[in-house]
Amino acid sequence: MSSMGPEPLADGFGRVHRDLRISVTDRCNFRCSYCMPAEGLDWLPRHEVLSYEEITRVARLCVERFGFDGIRLTGGEPTLRADLPRLVAQLSGLGVDLALTTNGTTLRSGAAELRAAGLTRINISCDSLRPDRFATITRRDDLDRVLDGIDAALDAGLSPVKINVVAMRGVNDDELLDFVQFGRDKGVTIRFIEFMPLDAQGEWSNDKVLSRDEIIATIDARFPLEAVEAQGSAPAERWRHRDGAGEIGVIASVTHAFCDTCDRVRLTADGMLRHCLFATRELDLRSLLRGGANDDTIAAAIRAEVGAKWAGHQINRVHFIRPARSMSQIGG
Ligand code: SAM
Ligand code: SF4
């Protein structure tokens, strides 16, 4: 590292990158229809998955060389990876904002240990509050476990707890108000995510996307909202309840892409660095890590990869190309 301290990781459009999304596994105990086929996917062989030491080396380098200040762990289902608190403890030692995205199924037994290891923030995915529908969407009859996991996260003192809801037309669009009421009752923030073309089966279509504007109009009619001012590089746009009962968020990746302010890079479970969720290229960091490359070489490779980042994804354009890997294989 230069004596001048971290040197920001800028791309050709002047966007500075400070946020690292790390997928710790491609495996999952759910089979959400918008993400994976019922039979699952071909899981990575164990030796292709980065060790916690390899992950921590990349994370440390991003923090020390480039001044990264946020790390989010995801997957697949990250809490399925053995001894996840050990990784959390290693990463929390870097002094960054550390968060986790999970389907919530393991939190009753695991939340307190994650909190003790240094995790602060958590996002829990839940796309229906109706048991039958939840089972249809996830192909697992586990709504009670997920709801109990949300309570376990709150009991463990994780804060904030946010609930991710993929909003899909004809699937759960009649539950928007139920979710908002749930968030108000529990004191958690609900974040609606527009359905993105990253399902493994390729069944996404534009007409299944429930748009940000439709979501906000429906909620505002029942629970009056006001927009919260621009939030830098955060993907979620925020609205607060006019009566003071908290906030909601929308991640409008499809209808209002936030590529202009993107500050994220992603590390897949098998050690590929991606400059965009939708990127059609990857940098093979695992080969560098295992081939004995020093930190200077790895940092230069990351800088070159991010330097080649495109202006933004092209969903809704005729020339949009789906990435070869799906959401659970990249790390959402
Ligand atoms: N298994 C964990 C979970 O479900 O929270 C973490 C990984 S999952 C891939 C991360 C997030 O991506 C979840 O909130 C999930 O709902 C979301 N997601 C998956 N496929 C999606 C898609 N096609 N469009 C929008 N969001 C999606
Ligand atoms: Fe698993 Fe998360 Fe994908 Fe659902 S969205 S199948 S929980 S990785």
Side-chain angles (χ1 to χ4, degrees), residues 21-41 43-44 72-81 84 99-107 110-111 114 119 121-128 134-143 145-146 149-150 153 158 161-169 171-172 179 188-206 208-212 215 235-236 249-255 257-258 264 266-269 274 277-278 313 315 320 322-323 325-332:
R21 304 282 163 115
I22 302 172
S23 172
V24 300
T25 181
D26 61 328
R27 295 172 192 238
C28 193
N29 52 344
F30 276 9
R31 298 286 183 271
C32 303
S33 51
Y34 54 77
C35 181
M36 271 195 208
E39 63 278 15
L41 294 163
W43 311 131
L44 291 166
R72 175 173 295 277
L73 300 177
T74 180
E77 174 46 41
T79 65
L80 294 188
R81 178 113 181 230
L84 186 67
L100 174 76
T101 302
T102 171
N103 64 26
T105 47
T106 68
L107 291 177
L114 288 167
L119 185 73
R121 308 193 299 112
I122 195 160
N123 288 19
I124 303 170
S125 303
C126 181
D127 308 303
S128 177
F134 183 93
T136 303
I137 294 174
T138 61
R139 303 189 178 103
R140 298 290 184 269
D141 189 11
D142 271 336
L143 177 60
R145 246 172 105 194
V146 172
I150 294 170
L158 289 162
V161 173
K162 296 182 183 171
I163 310 300
N164 286 356
V165 182
V166 180
M168 293 165 285
R169 191 182 311 285
V171 176
N172 59 358
F179 269 111
V188 298
T189 298
I190 308 293
R191 304 189 334 156
F192 297 99
I193 305 176
E194 288 181 352
F195 181 26
M196 292 181 254
L198 284 170
D199 55 316
Q201 310 89 293
E203 285 170 8
W204 180 90
S205 64
N206 221 327
K208 293 180 188 152
V209 177
L210 196 63
S211 71
R212 177 197 77 175
I215 293 168
V250 180
I251 300 182
S253 322
V254 178
T255 66
F258 34 84
R264 279 166 292 285
R266 294 168 190 273
L267 182 64
T268 66
R274 297 175 65 90
L277 194 48
F278 295 92
H313 65 68
I315 305 175
F320 172 69
R322 285 178 67 103
R325 304 217 248 181
S326 59
M327 190 70 129
S328 64
Q329 296 168 314
I330 297 169

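Numbering of ligands and ligand atoms starts at 1, following listing order. Quick caveat, the model's predicted, so the values are computed rather than measured.
Looking only at heavy atoms of the protein, atom 4 (Fe) of ligand 2 is closest to Cys32 SG, 2.3 Å. At the top of the distance list for atom 2 (Fe) of ligand 2, counting protein heavy atoms only, stands Cys28 SG, 4.4 Å.
A donor-acceptor pair shorter than 3.5 Å can be found between the side chains of Glu77 and Thr102. For the 3.5 Å distance criterion, the side chains of Asn29 and Thr105 qualify, holding a donor opposite an acceptor. A donor-acceptor pair shorter than 3.5 Å can be found between the side chains of Thr101 and Arg72.
Remark: side-chain polar atoms of Lys208 are not paired, donor with acceptor, to backbone N or O of Val171 under 3.5 angstrom.
In this structure the side chain of Arg266 reaches within 4.5 angstrom of the side chain of Leu277, judged on heavy atoms. A 4.5 Å side-chain heavy-atom check between Phe30 and Asp142 finds at least one atom pair inside the cut-off. Annotation: side chain of Ser33 is in contact with side chain of Arg139 (closest heavy-atom distance under 4.5 Å). At least one side-chain heavy atom of Met196 sits less than 4.5 Å from a side-chain heavy atom of Phe278.
Close approach of ligand 2 to Phe30 is summarised as follows: ligand atoms under 4.0 Å from at least one heavy atom of the residue are 6 (S), 7 (S). Counting the atoms of ligand 2 from 1 in the order shown, those under 4.0 Å from a heavy atom of Asn103 are 7 (S).
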Could you go through ligand 1 and note, for every N or O atom, any protein N or O atom closer than 3.5 angstrom, writing the atom names and distance to 0.1 Å, or 'none'?
unit_1	atom_1	unit_2	atom_2	d
ligand 1	1 (N)	Gly76	O	2.9
ligand 1	1 (N)	Glu77	OE1	3.1
ligand 1	4 (O)	Ser125	OG	3.4
ligand 1	5 (O)	Thr102	O	3.2
ligand 1	5 (O)	Ser125	OG	2.5
ligand 1	14 (O)	Ser125	OG	2.8
ligand 1	14 (O)	Asn164	ND2	3.1
ligand 1	16 (O)	Tyr34	OH	3.1
ligand 1	23 (N)	Tyr34	O	3.0
ligand 1	23 (N)	Met196	O	2.9
ligand 1	24 (N)	Met196	N	2.9

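Counting heavy atoms closer than 4.0 Å to ligand 2, residue Cys35 contributes side-chain atoms (C-beta onward) but none from N, CA, C or O.
Interatomic distance, CG of Leu107 versus CG of Leu100, reported as 7.5 Å (0.5 Å rounding).
For Gly76, the heavy-atom gap to ligand 2 drops under 4.0 angstrom.
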